[in-house]
Protein chains: 2
Amino acid sequence: MKAFKTANESDARGNGFIPNLAIDVVVFGFHDSQLKVLLVKYSKTDYVALPGGFIKVDENLHDAAERVAKERTGLNNIFLDQFFVFGDMSRYNAQPFREVMEANGMPAKADHWLLNRFISVGYFALVDFTKVTPTPDKLFDSCGWYDLNALPALIQDHAEIISKALNALRDRLDDKLIGFNLLPEEFTMGQLQALYETILGKKLLRSAFQRKMLGLNILERLAKKYTGAANKAPYLYRFKAK
Amino acid sequence: MKAFKTANESDARGNGFIPNLAIDVVVFGFHDSQLKVLLVKYSKTDYVALPGGFIKVDENLHDAAERVAKERTGLNNIFLDQFFVFGDMSRYNAQPFREVMEANGMPAKADHWLLNRFISVGYFALVDFTKVTPTPDKLFDSCGWYDLNALPALIQDHAEIISKALNALRDRLDDKLIGFNLLPEEFTMGQLQALYETILGKKLLRSAFQRKMLGLNILERLAKKYTGAANKAPYLYRFKAK
DNA sequence: GCAAAAGTGTTCCGTGTACACCCATGA
DNA sequence: TCATGGGTGTACACGGAACACTTTTGC
């Protein structure tokens with residue numbers, strides 16, 4: 001939530017955006033056999049948060065999520081999926097934002113629209129780690145990848161949002177075959193298995209995994225990949241668009 | 001969307017409610033081996049719609065959905081599940097509401113908050129058909145059950161909302177064992193099977209279904225039910241709370 | 001006794017699990 | 001030739017599909 005960039009484009013009343021409604025995007029990446037999440041740190045404070053933003057009054061909800069994801073990753077055509085709406089009053093805590101605004105010279109009047117209660121639509125994004133350019137913003141000191149297993153303290157309920165995003169990703173992994181979005185266009189079976197094992201949090205049998213994946217008829221076998229390692233060269237595969 | 005009752009409690013600016021954000025509830029019931037949906041018809045017009053409402057500024061999102069569902073069914077402790085957020089601009093069509101307001105003596109000024117664009121959080125509810133008292137409202141001519149296979153024309157994208165709700169129900173049926181919410185507390189295996197067959201839209205094998213359900217260890221077998229029919233009396237079962 | 005529905009048993013098959021075996025690669 | 005990792009084959013268990021059989025009920 002709270003992409004202050006977009007907030008700055010508007011005024012203290014939030015004109016141009018739908019009030020009280022936000023989007024939080026959990027951007028997942030995969031690198032070094034680990035799941036990563038893209039997080040931002042607000043300028044001049046220690047607050048770490050999910051990338052987020054608001055919906056323009058005449059903008060499709062999905063487009064708004066795409067816009068937010070694109071702003072932080074530099075990517076187009078990002079895979080995005082809704083997973084939950086966070087609407088409890090208990091998540092409402094304006095204190096961090098008040099501090100951020102004051103620390104950055106924005107007048108934090110009590111009735112500023114950003115300090116109101118927000119309901120947030122949770123999206124998760126699956127991206128090719130190697131293609132992402134984490135992009136901060138004038139109100140962010142940094143924007144970068146964090147290991148899912150070593151997350152820093154996050155504002156509000158953002159830790160819970162990530163947790164629910166991961167659960168949704170697990171649930172839909174086999175069903176909707178969305179994992180490929182986390183890999184480069186060409187990958188080996190070993191990479192794919194490592195990805196699945198990381199997401200599901202358990203070891204899988206190599207032979208069974210291979211046959212299951214090939215049996216789905218969604219993989220196209222390409223040339224072998226000679227890594228220079230002293231072992232058989234694995235084939236490269238590509239996700240076969242239906 | 002658009003529970004005008006709640007709208008009336010507020011003024012033309014929608015004070016007290018979060019603007020641009022609504023809730024639509026697909027209330028499913030099961031009767032005569034058919035899935036039913038609870039719909040409302042707006043007074044003095046032919047517009048049929050899902051029960052809906054808005055979120056009070058200090059109300060939990062889930063509580064708002066519960067409140068809406070309770071208002072139309074008279075029930076407490078309703079099973080409710082989020083399934084999607086509908087946020088496309090293409091769903092925005094204020095014309096029906098303008099007509100409804102004018103037909104019912106409400107001044108439908110162009111800037112009335114109800115005529116703005118709305119994003120709607122979709123919930124589905126599973127209720128015991130026999131316990132529901134469909135309850136209309138001063139702005140509804142009627143509130144009642146409609147067969148899922150014979151729905152009337154609905155306003156806006158409400159037909160699509162119902163379709164997505166049904167898909168979500170199907171997806172979660174086996175996984176989360178939520179079907180029991182559609183039956184009375186005590187039921188026969190035949191009733192349960194008929195429910196599953198109706199939701200999934202296909203015939204199931206009686207023997208396999210029986211063993212699968214019993215194998216889940218979630219059913220408590222009660223006394224037999226003598227129907228008066230010339231056949232073996234089925235046992236009654238009750239969902240075993242974990 | 002008979003028809004109808006409920007409950008249980010039995011067989012078959014496909015899929016996943018577990019493990020074995022071969023193949024390719026470069027040191 | 002050896003270690004390493006990739007690809008494939010095989011035996012087994014489990015659960016669902018299909019069907020048979022028995023039990024219960026009221027006419």
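Every chain is numbered from 1 and lettered A, B, ... according to where its sequence line falls, protein lines coming before strand lines.
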Would you list the pairs meeting salt bridge (Lys or Arg N to Asp or Glu O under 4.0 Å) in which at least one residue belongs to residues 28-37 of chain A, sequence neighbours left out? K36(A)-D147(A)
What is the distance, to the nearest angstrom, from the CG atom on L214(B) to the P atom on dG16(D)? 13 Å
Looking at L183(A), is its backbone amide N or carbonyl O close enough to the side chain of Q191(A) to form a donor-acceptor pair, meaning the two atoms are under 3.5 Å apart? no
Using the test side-chain hydrogen bond (donor to acceptor under 3.5 Å, both in side chains), find all partners of K176(B) that sit at least two apart in sequence or belong to another chain. D81(B)
Salt bridge (charged side-chain N to carboxylate O under 4.0 Å, His left out) against R170(B), all qualifying residues, sequence neighbours excluded: none
Residues in ring-ring contact (aromatic ring centres under 6.0 Å, His included) with F84(B), at least two apart? F86(B)
Closest nucleotide among dG6(D), dT8(C), dA6(C) to the P234(A) side chain: dG6(D)
Can you find a side chain N or O atom of Q210(A) that sits less than 4.0 Å from OP1 or OP2 on dG6(D)? no
Please table the atom pairs, donor to acceptor, closer than 3.5 Å between any side-chain atom in residues 203-217 of chain B and protein atoms at least two apart or in another chain.
none

Sequence-aligned protein contact record of nucleotides 16-25 of chain C, with B where the base is within under 4.0 Å of a protein heavy atom and S where only the sugar-phosphate is: -BBB---BBB
Under the side-chain contact (heavy atoms from CB on, under 4.5 Å) test, which residues partner T198(B), sequence neighbours left out? F30(B), L35(B)
Give, ordered by number, those residues of residues 183-201 of chain B having at least one heavy-atom distance below 4.0 Å to an atom of DNA chain D; if nothing qualifies, reply none. none
Tell me which pairs pass side-chain hydrogen bond (donor to acceptor under 3.5 Å, both in side chains) where either residue lies in residues 126-135 of chain B, with sequence neighbours left out. D128(B)-T130(B), D128(B)-K131(B)
What integer distance in Å separates Y235(A):OH from dT8(D):C1'? 11 Å
